[in-house]
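Proteins come first, then strands; the chains are lettered A, B, ... in the order of their sequence lines, and each starts at number 1. Only this structure's heavy atoms are used, side chains among them; waters, hydrogens and symmetry mates stay out. In this text the structure is predicted, and so the values were computed from the model without any measurement.
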Number of protein chains: 2
Amino acid sequence: MKRIAILGSTGSIGRSTLSVAESFSDRFQIVTLAAGRNLELAFEQARRWRPRLISVAAASDAEMLGSRLKSAAVMETQVVCGPTGNLRVATYPEVDFVVSAIVGVAGLEATYEAVRAGKTVGLANKECLVAAGELITAAARERARPLLPIDSEHNAVHQCLRGGRIEEVRRIWLTASGGPFLHTPKAKFAGITVEQALNHPTWKMGNRITVDSATLMNKGFEVIEACRLFNLAPEQVKVIVHPQSTIHSLVEFVDGSILAQLSVTDMRLPILYALSYPERVPSELNFSLGDLRHLDFCPPDMEKFPCLQLAYEAARAGGGKTVALNAADEVAVEAFLEGRIGFEDIPVVIEEVVGETPTGKLESIKQVLGVDQQARAGARDRVARRSRGRLPAAAITLPQT
Amino acid sequence: MKRIAILGSTGSIGRSTLSVAESFSDRFQIVTLAAGRNLELAFEQARRWRPRLISVAAASDAEMLGSRLKSAAVMETQVVCGPTGNLRVATYPEVDFVVSAIVGVAGLEATYEAVRAGKTVGLANKECLVAAGELITAAARERARPLLPIDSEHNAVHQCLRGGRIEEVRRIWLTASGGPFLHTPKAKFAGITVEQALNHPTWKMGNRITVDSATLMNKGFEVIEACRLFNLAPEQVKVIVHPQSTIHSLVEFVDGSILAQLSVTDMRLPILYALSYPERVPSELNFSLGDLRHLDFCPPDMEKFPCLQLAYEAARAGGGKTVALNAADEVAVEAFLEGRIGFEDIPVVIEEVVGETPTGKLESIKQVLGVDQQARAGARDRVARRSRGRLPAAAITLPQT
């Protein structure tokens, strides 16, 4: 029986993890949950799973949840809150495995402390590797604990890497769906609307990651994550566009053999893989290979998608650059979603902010968060300058109140 | 330094193995060779590689080769001959690794004895598994020695299997190019010529295996080989047509993940893999994944290609049935190549011969060879009956002498 903590239990990955735990209740026991701001779902999850500890964002929420659970006769669950609450969830002594799925830098410290506490960590939080990858992978190496990737691409790489030793890897290939603008000519990028950007062809995800998929910045983040997770140089991490998203990634070995991983596009599969590793557990998440007809591939267009290029440059420069890349992107995408800047402004804002961020190794999560704050401020400043005089797209359709 | 014996050094796989040994002379030493009937090439190979032992088919050939080598001042090579010579090559004490690449049942005994002598064996001889698979895999298991497949499909499976334990395999998928008649309607099969059957779309191989690829019997043999090699039920071994032959095979695990192996279509790659296993050695046999555009797939048409169906049936029945399948196929293909029977007669001959062969476990190579002889006689008999009154296709174009 593996004893699980979930950081980010009310988000998409958190809910899928609980669904996996539901299907395999003989293997996985939910011990602690960090739930964030969705109080209603936090209550439901605590009532269903009876964790030893549940953490919510605010102290007032904790109080409210505590009394609701008491009324519902849920006596075994202690309610905690805030960053300290998340830390307690992540480092709870009886936990073996921590699923790190809090969106954004909020999950950094708890994940880092989970690794330092000797937990096996399943990583679904991008920032853990993009912003604090050097720190977190070093801590995991020191304790000889595996970091198990939960997103589909790195999970695929992890599976293919079993075909050889890491020293025998020539390069890896991350597949990209290409997003909704794969076939849109560059000349039309200026007119791209929020609605168009949110229309992802293969995966249903949150708004920010969907826009990041449309700019290919998400693939850029994945390149950085892969460098950190598998200790590869940016030149060893390639991107190949594969619109069907059937092959999730590939590993090319020094002898010329390439291994690829294919499966259904369902996040429960990499979650189950990570939770069960090194075992494989029978599931019903079948891909009907017999029905497969075509797989298409093409190289990514770096000129059309400058965000991918920016990610490679940040990966090479290292230090604060990748922290700034993530922070500036989050601010820019939010501004795009609110109609304050255009689709083509996203890479411009990011490039400027990353450009003014110093390189140099970051020694603590605190330093990472400092660079993050500074980059966000820089990005907001630039967004404001670019949006001045621009009629917000959203305002056109919003009712006048 | 791995010390290598090659059974079948003058054939296609044997020559490719020597080419690999040439490129990696710091890793592989050629210790013994079994060369067969090509005396000129046997002489060249002995002069180049200076093996301790070289075996040729006939005693008279051995004498001739011996004196030529003496004249050429090759003093370290002893020349032996016949089945006994092959056995000495295969079981030579200083040999670590035996490449089994003699075409046909002639290689069975030497391969079996190599396994029993505790050698690691790389299998390129189909008959070893189709006809004597139960004996040879049992002997390898007893001595805990690996059997490393050298053909591209099973080699691919071997690589993908590293992604999990054998108990975690749901099924495997062997890819088939589909051969030259993938898109030919069944109605035109009666008119298929030898030239058309020898025109394989992706691999350059010998005549029999090329015809076996056109009938899909070769894939049927591979299904049987896979059952024996990986200890799988015939239901667990699927075939998927993939005309580009880029993915060489796939393994589907119980959790729903599928691993696939891709590479150039060059036999030196599986040879290098088998010789180096469990290491991977840097080579220049690169597949340019960045240039990949399309991969196509479709299910095999068992009605158009009854040989594949016959192979599944023989695999399920076991015992002498798969011996007869191979023997009858060899006779029928030879008759087709000589214009004595038509393309559509091949499965008919095989089905009749397999039908009259008893099932039941075979306990020795001698028993295997007995069933093989009987099946060949039966097949020749049936070929004679079918070709009676038929104008040999070849005779039409042969000059009258």
Side-chain angles (χ1 to χ4, degrees), chain A residues 155-156 158-165 167-171 173 238-240 242 244 246-248 250-264 266 268-270 272-273 276-300, chain B residues 155-156 158-165 167-171 173 238-240 242 244 246-248 250-264 266 268-270 272-273 276-300:
Chain A
N155 191 267
H158 191 275
Q159 296 194 36
C160 295
L161 283 175
R162 294 168 75 163
R165 288 179 297 120
E167 302 79 21
E168 293 168 348
V169 172
R170 180 178 288 148
R171 56 179 81 89
W173 297 79
K238 302 284 179 187
V239 172
I240 185 166
H242 167 43
Q244 291 95 346
T246 297
I247 292 183
H248 295 299
L250 310 95
V251 170
E252 183 178 340
F253 291 97
V254 291
D255 59 358
S257 262
I258 298 172
L259 293 189
Q261 189 261 356
L262 298 74
S263 66
V264 291
D266 186 319
R268 287 176 299 169
L269 204 140
L272 177 61
Y273 176 87
S276 318
Y277 181 81
E279 272 184 83
R280 287 183 184 271
V281 173
S283 89
E284 285 164 14
L285 301 165
N286 295 334
F287 181 79
S288 337
L289 196 55
D291 299 331
L292 186 62
R293 289 299 171 269
H294 307 286
L295 298 175
D296 302 305
F297 305 88
C298 67
Chain B
N155 191 267
H158 191 275
Q159 296 194 35
C160 295
L161 283 176
R162 294 168 74 163
R165 289 177 297 119
E167 301 79 20
E168 292 168 348
V169 173
R170 180 178 291 149
R171 56 179 79 90
W173 297 79
K238 301 284 179 186
V239 171
I240 184 167
H242 167 44
Q244 291 96 348
T246 297
I247 293 183
H248 295 299
L250 311 95
V251 171
E252 183 177 340
F253 291 97
V254 290
D255 60 358
S257 262
I258 298 171
L259 293 188
Q261 189 261 356
L262 298 75
S263 65
V264 290
D266 186 319
R268 288 175 299 169
L269 204 140
L272 177 62
Y273 176 86
S276 318
Y277 181 80
E279 272 185 81
R280 287 183 184 271
V281 172
S283 89
E284 285 164 13
L285 301 166
N286 296 333
F287 181 79
S288 336
L289 196 56
D291 299 331
L292 185 63
R293 290 299 171 268
H294 307 286
L295 297 175
D296 301 305
F297 305 87
C298 67

Do B:Arg280 and A:Phe253 meet the cation-pi criteria used here (NZ or CZ under 6.0 Å from the six-membered ring centre, within 45° of the axis)? yes
Counting only heavy atoms not in A:Glu284, do more than 12 sit closer than 6.0 Å to its CD atom? no
Residue part contacting chain B, namely of A:Glu279, when any heavy atom lies under 4.5 Å: both
With no hydrogens and no angle check, is any side-chain donor or acceptor of A:Ser263 less than 3.5 Å from a backbone partner on B:Ser257? no
Any idea which heavy atoms bring A:Pro299 and B:Arg293 closest together, and the distance? CD-NH2, 3.4 Å
Measuring from B:Tyr273:OH to A:Asp255:CG, what's the distance to the nearest 0.5 Å? 8.5 Å
Evaluate the criterion side-chain contact (heavy atoms from CB on, under 4.5 Å) for residue pair B:Leu295 and A:Phe297; output intermediate values, then yes/no. CA-CA 9 Å; B:Leu295 297 175; A:Phe297 305 88; 3.7 Å; yes
Leading residue by heavy atom contact count with chain B [cutoff under 4.5 Å; candidates A:Val239, A:Leu269, A:Leu272]: A:Leu269
Between A:Leu262 and B:Leu250, is there a side-chain heavy-atom distance shorter than 4.5 Å? yes
Quick check on A:Arg171 against chain B: is it the side chain, the backbone, both or neither that has a heavy atom closer than 4.5 Å? neither
With only heavy atoms counted, which part of B:Leu161 is less than 4.5 Å from chain A, the side chain, the backbone, both or neither? neither
B:Ser276 side chain reached by A:Glu168 side chain, heavy atoms, under 4.5 Å: no
Between A:Ser283 and B:Gly256, the two heavy atoms sitting closest are OG-N, 4.3 Å
Do you know which two heavy atoms are closest between A:Cys160 and B:Leu259, and how far apart they sit? SG-CD2, 4.1 Å
B:Leu285 portion near chain A, given a 4.5 angstrom heavy-atom threshold: both
B:Ile240 and A:Leu289, any side-chain heavy atoms less than 4.5 Å apart: yes
